[in-house]
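Okay, structure first, notes after.
Since this is a predicted model, take the numbers as computed values, not measurements. One is the number of the first residue; the rest follow in order along the sequence.
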Amino acid sequence: MGAVNPVDAVATGTAVDRVDRVPKQDRSRATRQRLLEAAVACLAEHGWAGSTVAVVAERAGVSRGAAQHHFPTREDLFTAAVEYVAEERSTALRALFPQGAAGDRRAVVAALVDLYTGPLFRAALHLWVAASNEDQLRPRVTELEARVGRETHRIAVDLLAADETRPGARETVQGLLDMARGLGLANLLTDDGPRRERVVAQWADLLDAALG
């Protein structure tokens, strides 16, 4: 039996390592995504006090050690989770209107309001409340909320075709988002769907008048 060429051995070993490494990277990404989604679900259902790393890890189907490998602290996990889902929702919102508002501002207003009536908003609200009481968490959530708020405002401006050089346009868009957040709070206790539909219709008319 002939000797193995060292160059061939190194090349073969490198190829095997590459094959082994790619699935591990995929598994790592999948584990991280499961943890982020589980963290948001736990926050929405159990609040900050009931959402420990162990609870999230169990829901995601991974060990606590694996969770802490990706997110060393509880604060790391939950701020990353809310930001991740917010980015996913922003991407989905843009995808709903690839050509912009196309003259249908009512549909855009309804979609923006929906951002504040689902599990993400409930989870974010629990995170805000926790941050108001925990010094270690507050600066991270404040920074996160500022980033998410700026991105949501940019999306709203784009989809509504708002010209922010027009006097009052920026404040009108921000007023819409503030109103949507208020509707989201009202929806936490009762199903506010019928009233929300009327408010959405009225705001769409107001935007047409204010934004042109």
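The side-chain heavy atoms of T31 and L35, taken from C-beta on, include a pair separated by under 4.5 Å.
Across all non-hydrogen atoms, the minimal contact from A80 to F71 is CB-CE2, 3.7 Å. Residues V82 and A124 share a closest heavy-atom pair of CG1-CB, 4.2 Å. Taking both residues in full, the closest heavy atoms of H126 and A44 are given as NE2-O, 4.0 Å, listed atom of the first, atom of the second, then distance. Considering all non-hydrogen atoms of both residues, T172 and G168 come closest at OG1-O, 2.7 Å. A pairwise comparison of heavy atoms in T117 and G184 identifies CG2-CA, 4.1 Å as the closest pair. Heavy atoms only, all atoms of each residue included: R74 and T52 are closest at NE-CA, 4.3 Å.
For R147, the side chain to side chain contact (heavy atoms under 4.5 Å, CB included) partners at least two apart in sequence or on another chain are E83, E143, L144, R150.
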Checklist entry - side chain to side chain contact (heavy atoms under 4.5 Å, CB included) between V53 and T73: does it pass, once the steps are laid out? => result CA-CA 8 Å; V53 173; T73 70; over 6 Å; no
Next on the checklist: Let's go through F78 and V56 carefully: what are the C-alpha distance in whole Å and the side-chain angles of both, what is the deciding distance for side chain to side chain contact (heavy atoms under 4.5 Å, CB included) to 0.1 Å, and is it a yes or a no?
Outcome noted: CA-CA 10 Å; F78 286 103; V56 173; 3.6 Å; yes
Checklist entry - Would L185 and F121 satisfy side chain to side chain contact (heavy atoms under 4.5 Å, CB included), going step by step from the backbone distance to the final call? => result CA-CA 9 Å; L185 286 171; F121 178 70; 4.1 Å; yes
Next on the checklist: L183 vs R195, test: side chain to side chain contact (heavy atoms under 4.5 Å, CB included). Steps then yes/no.
Outcome noted: CA-CA 9 Å; L183 289 176; R195 185 173 73 91; 4.0 Å; yes
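Electrostatic pairing of E45 and R59 counts as a salt bridge here, judged by a charged N lying under 4.0 Å from a carboxylate O. Salt bridge E164/R170: present, at least one basic N to carboxylate O contact under 4.0 Å. The residues R166 and D163 are annotated as not salt-bridged, no charged nitrogen and carboxylate oxygen being separated by less than 4.0 angstrom.
Within a 6.0 Å radius of CD in E75, more than 12 heavy atoms belonging to other residues, nucleotides or ligands are found. Atom CZ of R32 has 12 or fewer neighbouring heavy atoms from other residues, nucleotides or ligands inside a 6.0 Å radius.
Geometrically, R106 does not engage W203 in a cation-pi contact, judged by NZ or CZ lying under 6.0 Å from the ring centre and within 45° of the ring axis.
Side chain of R105 to main chain of A204: no donor-acceptor pair is present (N/O by atom type, distance under 3.5 Å, no hydrogens or angles).
Cluster membership for L188 and Y116, using ILVMFWY side-chain heavy atoms within less than 4.5 angstrom, is shared. One hydrophobic cluster holds both W128 and M179 under the rule that ILVMFWY side chains link at heavy-atom gaps under 4.5 Å. There is a path of hydrophobic side-chain contacts, each under 4.5 Å, that joins W48 to L125.
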Which donor-acceptor pairs under 3.5 Å do the side chains of residues 62-70 make with protein atoms, sequence neighbours left out?
residue	atom	partner	partner atom	Å
S63	OG	A66	N	3.0

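Annotation: the span from L115 atom CG to S90 atom OG amounts to 7.0 Å, rounded to 0.5 Å. For the atom pair CD of Q202 and CD of E197, the computed distance is 14.5 Å after rounding to the nearest 0.5 Å. The line from CG of L77 to CG of L43 is 8.5 Å long, rounded to the nearest 0.5 Å. Here OG1 of T79 is found 13.0 Å from CD of E145. Values are rounded to the nearest 0.5 Å. Taking CG of L112 as the reference point, atom OG1 of T152 lies at 8.0 Å (rounded to 0.5 Å). Atoms CG and CG, on L160 and D208 in that order, are 9.5 Å from each other to the nearest 0.5 Å.
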